[in-house]
J.: 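Below is a structure I'd like to ask you about.
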Amino acid sequence: MTIRVLLADDQKLIRSGFRVLVNSAPDLEVVAEAENGRQALELARSELADVILMDIRMPELDGLAATRQLTADESLAGVKVLILTTFEVDEYVFEAIRAGASGFLGKGAEPEELIAAIRTVARGDALLSPKALRGLMNRFLAQPELTSGAESTELDVLTDREREVVGLVALGLSNEEIADQLVLSPLTAKTHVNRAMMKLDARDRAQLVVIAYRSGLVRSGAVDQPGVQPLQ
């Protein structure tokens, strides 16, 4: 199936470059372009976009505000947002993921990285560059109110294995890496991730990271599960 991509950036030259790049992939197609967040929301509905490449700094409605509105709209539940910006800093990463973005990538990424990122978020996985993931974790750890004490009851709906898997997702591990860590097949690891997402009403893996920190499952960079090492 062709992945329908919407470009949201206030600079026409940048959109033109992304259009050429995205359309060069046989399974991707740019279906529309928006120059602000408000247009992006309108076009996401009318053009049935699968993925929005969303800039942060745009007039009228910026990318973060547009992402919040999109994720709050049940009619757009299937649309994934990939934040693509020059400003890969902790504050933006934190706010983008809390807003519901499925990924965050710097504009300095290589062309093949961008193509892979679109495919990643389109299939429901999260995409955070190592720098962005580290920034997100550090941001959570710096806010005591988000990681303040005993684990909340938010994760009570999960099995022990699912809790363990969510903790590993929070460390940035892929399904294959989770499978190796827990001696499972990649398909079984993926099943556990998907079930956890469904039970926790998480849009994607990025939201699982937020929940893992918010619930207290992840503390001080380490997962509260045996055999899992803290991120250095």
Side-chain angles (χ1 to χ4, degrees), residues 1-73 75-133 135-136 203-207 209:
M1 293 181 61
T2 299
I3 299 170
R4 298 171 64 82
V5 180
L6 169 61
L7 305 178
D9 195 296
D10 62 336
Q11 297 186 50
K12 185 174 181 179
L13 185 60
I14 289 179
R15 296 199 309 269
S16 297
F18 284 149
R19 174 181 284 274
V20 172
L21 175 59
V22 171
N23 284 339
S24 70
D27 57 334
L28 307 181
E29 177 188 6
V30 173
V31 294
E33 298 181 20
E35 60 184 24
N36 58 60
R38 202 171 307 283
Q39 284 187 356
L41 290 172
E42 294 171 355
L43 290 170
R45 295 186 183 93
S46 64
E47 300 299 330
L48 303 177
D50 298 309
V51 176
I52 301 178
L53 289 188
M54 185 87 78
D55 189 25
I56 288 181
R57 293 187 173 183
M58 294 185 291
E60 293 192 36
L61 190 68
D62 66 36
L64 295 179
T67 299
R68 292 189 193 96
Q69 290 190 28
L70 185 147
T71 56
D73 188 336
S75 70
L76 296 174
V79 182
K80 306 299 182 182
V81 177
L82 175 59
I83 298 289
L84 196 62
T85 182
T86 306
F87 308 99
E88 192 174 359
V89 296
D90 291 359
E91 178 68 27
Y92 285 142
V93 175
F94 180 73
E95 292 301 331
I97 300 306
R98 291 193 76 186
S102 297
F104 192 104
L105 197 65
K107 285 184 178 177
E110 295 296 323
E112 58 270 20
E113 290 182 272
L114 176 58
I115 296 299
I118 294 171
R119 292 169 177 154
T120 295
V121 299
R123 65 173 178 259
D125 292 335
L127 189 287
L128 292 172
S129 68
K131 179 179 178 181
L133 180 59
L136 177 63
R203 286 173 60 90
D204 49 41
R205 296 169 77 99
Q207 292 295 299
V209 174

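This structure is a prediction, so every number in the text was calculated from the model and none was measured. Computed over heavy atoms, backbone and side chain alike; hydrogens, waters and symmetry mates excluded.
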J.: Please give me the minimum heavy-atom distance between Ile83 and Ala101, naming the atom from each residue.
T.: CG1-CB, 3.7 Å
J.: So which atom in Pro111 and which in Leu21 form the shortest heavy-atom distance, rounded to 0.1 Å?
T.: CB-CD1, 3.6 Å
J.: Which heavy atom of Gly63 sits nearest a heavy atom of Met54, and at what distance?
T.: CA-CG, 3.6 Å
J.: Identify the two heavy atoms, one from Leu105 and one from Ala117, that lie closest to each other, and give their separation to 0.1 Å.
T.: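 Here Leu105 and Ala117 meet closest at CD2-CB, 3.9 Å.
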J.: Which side-chain N or O atoms in residues 36-44 pair as donor and acceptor under 3.5 Å with protein atoms at least two apart or in another chain?
T.:
unit_1	atom_1	unit_2	atom_2	d
Asn36	OD1	Arg38	N	3.1
Asn36	OD1	Gln39	N	2.8
Gln39	OE1	Glu35	N	3.0

J.: When rounded to the nearest 0.5 angstrom, what is the spacing between OG1 in Thr67 and CG in Leu61?
T.: 9.0 Å
J.: Under the rule for side-chain contact (heavy atoms from CB on, under 4.5 Å), what residues qualify as partners of Val5, not counting sequence neighbours?
T.: Ile3, Leu7, Val22, Leu53, Ile118
J.: Quick one: CD1 on Ile56 to CG on Asp10, what's the gap to the nearest 0.5 Å?
T.: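 The CG atom of Asp10 is 12.0 Å from CD1 of Ile56, to the nearest 0.5 Å.
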J.: Take Asp55 and Gln11 through the side chain to side chain contact (heavy atoms under 4.5 Å, CB included) test and state the conclusion after the steps.
T.: CA-CA 10 Å; Asp55 189 25; Gln11 297 186 50; 5.8 Å; no
J.: Are any of the side-chain heavy atoms of Ile52 and Leu70 separated by less than 4.5 Å?
T.: yes
J.: List in chain and number order the residues that pass side-chain contact (heavy atoms from CB on, under 4.5 Å) with Glu112, two or more places apart in sequence or in another chain; answer none if no residue qualifies.
T.: Glu110
J.: Quick one: OG1 on Thr120 to CG on Leu114, what's the gap to the nearest 0.5 Å?
T.: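 Spacing of OG1 (Thr120) from CG (Leu114) equals 10.5 Å.
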J.: Excluding sequence neighbours, so at least two apart, what forms side-chain contact (heavy atoms from CB on, under 4.5 Å) with Ser75?
T.: Arg45, Asp73
J.: Can you check whether Arg4's main-chain N or O pairs, donor with acceptor, with Asp50's side chain at less than 3.5 Å?
T.: yes
J.: Asp27: which residues meet the salt bridge (Lys or Arg N to Asp or Glu O under 4.0 Å) condition with it, sequence neighbours left out?
T.: Arg119
J.: Please collect all side-chain hydrogen bond (donor to acceptor under 3.5 Å, both in side chains) contacts where either partner lies in residues 14-23, sequence neighbours excluded, each pair once.
T.: Arg15-Glu33, Arg19-Glu33
J.: Minimum heavy-atom separation for Glu47 and Ala32, please, with both atom names.
T.: CG-CB, 3.8 Å
